[in-house]
Amino acid sequence: MMWLPCGCTSKYLFTSLSRRIVKYYHDFSGKSSNVLACMPEAASFEGVWDHSGLYEFSVGHTDSFWGAAARHRLTWISPFRSVQDCDLRRGTIRWFEGGKLNVSVNCLDRHVHTFPDRVALIWERDEPGTEVKVTYRQLLEATCRLGNLLRRHGVNRGDCVTIYMPPCPAAVVSMLACARIGAAHSVVFAGFSAEALADRIRDAQSRIVITVNQGVRGGKVTELKQTVDLAIQSCPSVQKVFVAMRTESPVVMTARDIAMEEEMQTEDVVCEPAAMDSEDVLFLLYTSGSTGKPKGLVHTQAGYLLYASLTHRCVFNYHDEDVFGCVADIGWITGHSYSVYGPLANGGTTVLFESTPIYPDPGRYWEMVQRLKINQFYGAPTAIRLLLKYGDHWVHKYDRSTLKTLGSVGEPINTEAWEWYHRVVGDGRCPVVDTWWQTETGGICIAPRPSAPNAEIVPGMAMRPFFGIRPVLMDSEGKVLTSNNTSGALCIAQPWPGMARTIHNNHQRFIETYCQPYPGYFFTGDGAYRSKEGYYQIIGRLDDVINVSGHRIGTAELEDVLNQSPMVAESAVIGYSHEVKGQAVYAFVVLKKEVDVQEADLVRQLKDMVSKNIAKYACPDFIQCVQRLPKTRSGKIMRRVLRKVVERDLDGLGDLSTLDNPAAVQEVIQGHRDLC
Ligand code: WT7
């Protein structure tokens, strides 16, 4: 087997250069600031002594800031000519042009030179206590073998390989092997259905799909290879399927299928890295929008890697030899930036979590923290809310003294969950960093750290912009709100290296979604509040995107699926607050006239359709049949009214004067009462 547990790490030798800079800075300033220690190159910035000075410098002298960071943190094959050439109005974003580099070299080779035997990956498999460690040397070798194998099968620079795998070393090897030979990857969350996978493969026009025979999660086995077989029936572009073995269970292999590990054995462990331009595509990642099909956001090489690594280092206060435990799936951007690219660019040790928060019991996370000696734990509020219901004893059972920073991501964290995370999980010792960002932003944009070591953190607030990020709030007329204690549409006023460059095959949609709503600004789609002190709190989406357990899902996408049912005439989907999931899906459906069906059958069939076409997590919790939907005279569904009904805020129904069919609202209210 390929992934044998390996021995321990060797000591990392600091390069004398970086140590000298850090030391110099400390002596010079007379005060210790771990903020600047995480960014030694800042010592060359004139007049910068503390976090706020560094932040001001980063937004005021953007080119000097990012130029120094890129030179210091990335290993270049040839240097860049210009730091940036961006125009938010036109949606053209280019960083570090003229520069050539290879992302896999930055994540692997340069570390293998200094600490070949340091553990790069700890694969926390579903079965507790069976973790597998992979050193930098092993990871580089495997990456090279697969890079060679992909090349042998005709994968070229600029191709896009779809990866449909749960978190595991083979998945990381697949991502890095693509990066090594200059192919882009598109990782599709292994919880997505065959249909959803097929949509993404077709959009990316992948010739190669990489998968595993089976997935194992929470003690349950899923037939991932079968799902791929089903998906590619409608994907004529696919020529080869690489299959890695997660379990012993054999799967049917056809002439099109390749036994990945077996074939890798005979490949060379050296693979020439492609010299990539800074702005070549590194990966596509599909995410839901408020309209249409999921969009493939495009991230490029240098800017993305730099931003992922700097945020990973600074926001979590990551130090050499810390064990970083991000429990997100690699199918989401959090997994890309903070399980894979950020930690590996920093030579870190990163955990790949295959299981669930409650398998085999609700102590899983903390038992893992104890066993793997995790220093930074990064997870989602939905899991915290779930675990706090099970009680403190599941946490107290385990030694969590290695923990230094606790991170939260994906959705707003309510005060109760924040307090519990801080007080019970972190014993009141560890800063909780509520990190706001998106697939589009590539990395964390607003978070409590870095800042002065003891700077205040307000529960439930993402707090402060990261270096180089200038958040602004807009009023309904599109004017910048300058005062504090105010809320508005959250935009970012200047480009940063980690931002997405475009939507694959649809630059116009990119411009319309992010650049046109507030010309000259990047529009995030979120609303935010800025406190009296100037701290940010994220309120939630302003568009028709629902956030279920930290996963984005578009209402239009769901309605599309429901409307495909031969029984459904039309539908309207909304999100409502849910105790554990944050938001859950509520669907209203109007049946076709002649349809006669038992409600239970209807609900089962429609839920089935959603899991088949999208994924289980997107299933509505409630499906309510109505005679008609409340609409405006021009025929637009009044979702605002539906949302209020479901949130039981009948006083807040607001202006109903544009409503075409007032009786519809009464019917919806009555039906909702009967259902819930
Ligand atoms: C949307 C982005 C960021 C990686 C995981 C999700 C919401 C994200 C927070 C937070 C409140 C948050 C926003 C955002 N969101 N982080 N700390 N507080 N809301 O990435 O799937 O692209 O979703 O998640 O609404 O727009 P994503």
Side-chain angles (χ1 to χ4, degrees), residues 187-189 191-192 283-290 294-297 299 307-308 311-312 315 326-342 378-385 406-415 417-418 421 432-449 457-466 469 471 487 489-492 498-500 503 513-514 517 522-529 535-554 557 575 577 581-583 615 617-618:
V187 181
V188 177
F189 171 56
F192 276 123
F283 65 84
L284 313 184
L285 189 58
Y286 287 84
T287 189
S288 296
S290 51
K295 44 200 174 186
L297 285 157
H299 283 283
Y307 198 73
T311 48
H312 170 253
V315 171
C326 167
V327 290
D329 194 283
I330 51 151
W332 311 113
I333 189 72
T334 311
H336 281 59
S337 300
Y338 301 110
S339 293
V340 181
Y341 287 114
Y378 193 29
T382 185
I384 302 302
R385 285 191 294 265
L406 297 172
S408 168
V409 62
E411 38 164 341
I413 178 162
N414 50 309
T415 316
W418 194 100
Y421 201 23
V432 171
V433 291
D434 174 9
T435 60
W436 174 85
W437 58 297
Q438 316 175 293
T439 307
E440 290 85 342
T441 69
I444 294 164
C445 288
I446 307 184
R449 296 285 188 266
I457 301 180
V458 182
M461 288 191 111
M463 306 293 290
R464 307 172 178 89
F466 187 71
I469 299 295
S487 30
L490 177 63
C491 293
I492 302 179
M499 69 187 292
I503 292 172
T513 312
Y514 306 109
F522 173 87
F523 175 49
T524 66
D526 279 319
Y529 165 72
Y535 301 144
Y536 288 87
Q537 177 170 38
I538 310 305
I539 298 166
R541 301 292 307 189
L542 298 172
D543 52 13
D544 290 319
V545 170
I546 307 178
N547 190 327
V548 181
S549 308
H551 303 327
R552 259 157 83 162
I553 178 83
E557 221 180 309
S577 321
K581 297 196 240 184
Q583 280 193 303
Y617 77 83

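This structure is a prediction, so every number in the text was calculated from the model and none was measured. Counting starts at 1 for both ligands and their atoms, following the listed order.
- For Trp437, the closest heavy-atom approach to ligand 1 falls below 4.0 Å.
- Under the 6.0 Å cut-off for aromatic ring centres, Tyr536 and Trp436 do not qualify, their centroids lying 6.0 Å or more apart.
- Backbone and side-chain nitrogen or oxygen atoms of Thr524 are examined, and none is located within less than 3.5 angstrom of a nitrogen or oxygen of ligand 1.
- Below 4.0 Å from some heavy atom of Arg552 lie the following atoms of ligand 1, by number and element: 2 (C), 21 (O), 22 (O), 23 (O), 27 (P).
- Scanning Asp434, Leu285, Thr334, Ile444 for the heavy atom closest to atom 5 (C) of ligand 1 points to Thr334.
- Counting heavy atoms under 4.0 Å from ligand 1, residue Thr441 does not touch it at all.
- Protein heavy atom nearest atom 10 (C) of ligand 1, with residue, atom name and distance: Glu411 O, 3.6 Å.
- For the residue pair Tyr378 and Thr435, a side-chain donor N or O sits within less than 3.5 Å of a side-chain acceptor on the partner.
- Thr287 places a side-chain heavy atom less than 4.5 Å from the side chain of Lys295.
- At a heavy-atom distance under 4.0 Å, atoms from both the backbone and the side chain of Gln438 approach ligand 1.
- Looking at Thr439 against ligand 1, both its backbone and its side chain come within 4.0 Å, counting heavy atoms.
- Screening Tyr307, Trp437, Trp332 against Tyr338 for a ring-ring contact (aromatic ring centres under 6.0 Å, His included) leaves a single residue, Trp437.
- Below 3.5 Å of separation, one finds no N or O of Ser408 facing any N or O of ligand 1.
- With hydrogens and angles disregarded, no donor-acceptor distance shorter than 3.5 Å links the side chain of Gln583 to the backbone of Val548.
- Taking only nitrogen or oxygen atoms, main chain and side chain alike, Gly410 reaches within less than 3.5 Å of ligand 1.
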Evaluate Phe522 against Tyr514 for ring pair (Phe, Tyr, Trp, His ring centres under 6.0 Å), listing each step before the verdict. CA-CA 5 Å; Phe522 173 87; Tyr514 306 109; 5.3 Å; yes
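- Applying the 4.0 Å criterion to heavy atoms of Asn547 picks out, from ligand 1, the atoms 7 (C), 24 (O).
- The side-chain hydrogen bond (donor to acceptor under 3.5 Å, both in side chains) test with Glu411 singles out one residue from Arg385, Arg552, Lys581, Arg541, and that residue is Arg385.
- Within the structure, ligand 1 has Pro412 among the residues with a heavy atom less than 4.0 angstrom away.
- At least one N or O atom of Arg541, backbone or side chain, sits closer than 3.5 Å to an N or O atom of ligand 1.
- For the pair Thr524 (side chain) and Asp526 (backbone), a donor-acceptor distance under 3.5 Å is present.
- For atom 25 (O) of ligand 1, the nearest non-hydrogen atom of the protein is Asp526 OD1, 2.7 Å.
- Atoms CD1 and CD1, from Ile469 and Ile446 in turn, are 8.0 Å apart once rounded to the nearest 0.5 Å.
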